[in-house]
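Numbers restart at 1 for each chain; the letters A, B, ... are given by sequence-line order, proteins then strands.
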There are 2 protein chains.
Amino acid sequence: MADVFAALANPTRRELLRLLLERGEQPVQQLADHFDMRRPSLSEHLRVLKDAGLVTEQPIGRQRFYALRPEPLREVSDWLGPYERFWRARLADLREVLDGLPDE
Amino acid sequence: MADVFAALANPTRRELLRLLLERGEQPVQQLADHFDMRRPSLSEHLRVLKDAGLVTEQPIGRQRFYALRPEPLREVSDWLGPYERFWRARLADLREVLDGLPDE
DNA sequence: AGAATAGGTAGGAGATTTCCTACCAGTCAA
DNA sequence: TTGACTGGTAGGAAATCTCCTACCTATTCT
């Protein structure tokens, strides 16, 4: 769980997740084409994502396909839950204030 | 937005947010009491949270009250949206598979 | 078998993070 | 005004992160 937040802290890794979401599973080369970065660095980012459980790796021939594994993101969503209630309450307060205003 | 993910990457900062959510606004000393950490380090964490827009600071006398500002978390929630659809689809797939099994 | 391809590991440089001690500035109380 | 209190800044050490180049392994194609 802690690893998930740490994994999400890096923009390249968030972009990797986005690519995997949009295009489905991809070999490393195809992912790498979209970054101005050497492959070893990409490999490192993919390893971090894998350690956080955010992607899976499946070797096929000499390629390795990476796929999104969104379950840990669900934990992030659950973590957000209590805060979500808080900001909804704030919005409700705001609405109440606005409703109370004249000329509206 | 990037700052928000970076701010959430640290466990101490997530704990600070949790304390502010549970107890409402608090002066630094009261927050510091719950960490085994010197105050300058806490100050630094609070600064990061403030820069990310996750807390507000209000000086009253010689104290500074920090309060949760959950709006940036809403952006995180929005960012999660597309992935949430993905994992719900996965759950639906799983349910379908389970429904298709005999002996159930 | 030999060459090409996919993608990893090793190791290191530089930047950033996270903690610390020492000290400073503002506020309040005697 | 002096002393105590709150909480910040300055600066630095150690750890970690993010990138790199060089090289290795496994697979496939000829």
Can you name the side chain to side chain donor-acceptor pair (under 3.5 Å) partners of [X], sequence neighbours left out?
X     : answer
A:R47 : A:E44, A:D51
B:Q30 : none
B:E57 : B:K50, B:R64, B:Y66
A:Q63 : none

Q) Is there any salt bridge (charged side-chain N to carboxylate O under 4.0 Å, His left out) pair reaching into residues 30-39 of chain B, and which pairs are they, with sequence neighbours excluded? A)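 As it turns out, there is no salt bridge (charged side-chain N to carboxylate O under 4.0 Å, His left out) pair with a partner in residues 30-39 of chain B once direct neighbours are skipped.
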All side-chain contact (heavy atoms from CB on, under 4.5 Å) counterparts of [X], not counting sequence neighbours:
X     : result
A:T56 : A:A67, A:R69
A:R13 : A:A7, A:N10, A:H45, A:V48, A:L49
A:R18 : A:E15, A:E22, B:Y83
B:R88 : B:E84

Nearest-angstrom distance from the residue atom [atom1] of [X] to [atom2] of [N]:
X     : N      : atom1 : atom2 : result
A:Q29 : C:dA4  : CD    : P     : 17 Å
B:F65 : C:dT27 : CZ    : P     : 15 Å
B:R64 : C:dA25 : CZ    : P     : 13 Å
A:E15 : D:dC19 : CD    : P     : 13 Å
B:F5  : D:dT18 : CZ    : P     : 14 Å
A:Q58 : C:dA6  : CD    : P     : 18 Å

Q) Which listed nucleotide (C:dA6, C:dC19, D:dG7) is nearest to the side chain of A:Q63? A)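 Nearest to the side-chain atoms of A:Q63, counting from C-beta on, is C:dA6.
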Q | A:Y66 side-chain N/O to C:dG8 phosphate OP1/OP2 under 4.0 Å | A |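 Answer yes for this pair, as a side-chain N or O of A:Y66 is under 4.0 Å from OP1 or OP2.
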Q: Examine D:dT18: is either OP1 or OP2 under 4.0 Å from a nitrogen or oxygen in the side chain of A:N10? Give yes or no.
A: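 So the side-chain polar atoms of A:N10 do come within 4.0 Å of the phosphate oxygens OP1 or OP2 of D:dT18, strictly under.
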Q | Summary of protein contacts for nucleotides 25-30 of chain D, nucleotide by nucleotide, where a base hit scores B, a sugar-phosphate-only hit scores S (4.0 Å, heavy atoms) | A | --BSS-
Q: If a protein heavy atom is under 4.0 Å from the base, mark B; if only from the sugar-phosphate, S; if neither, -; do that for nucleotides 11-16 of chain C going 5' to 3'.
A: ------
Q | DNA chain D-proximal residues of residues 34-54 of chain A, any heavy atom under 4.0 Å | A |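 Output list: A:M37, A:R38, A:P40, A:S41, A:H45.
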Q) If you round to the nearest 0.5 Å, how far is CG of B:L31 from CZ of B:F65? A)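 These two atoms lie 10.0 Å from each other.
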Q) How long is the span from the CG atom in B:L8 to the CZ atom in B:R14, to the nearest 0.5 Å? A)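 Here the interatomic distance stands at 7.5 Å.
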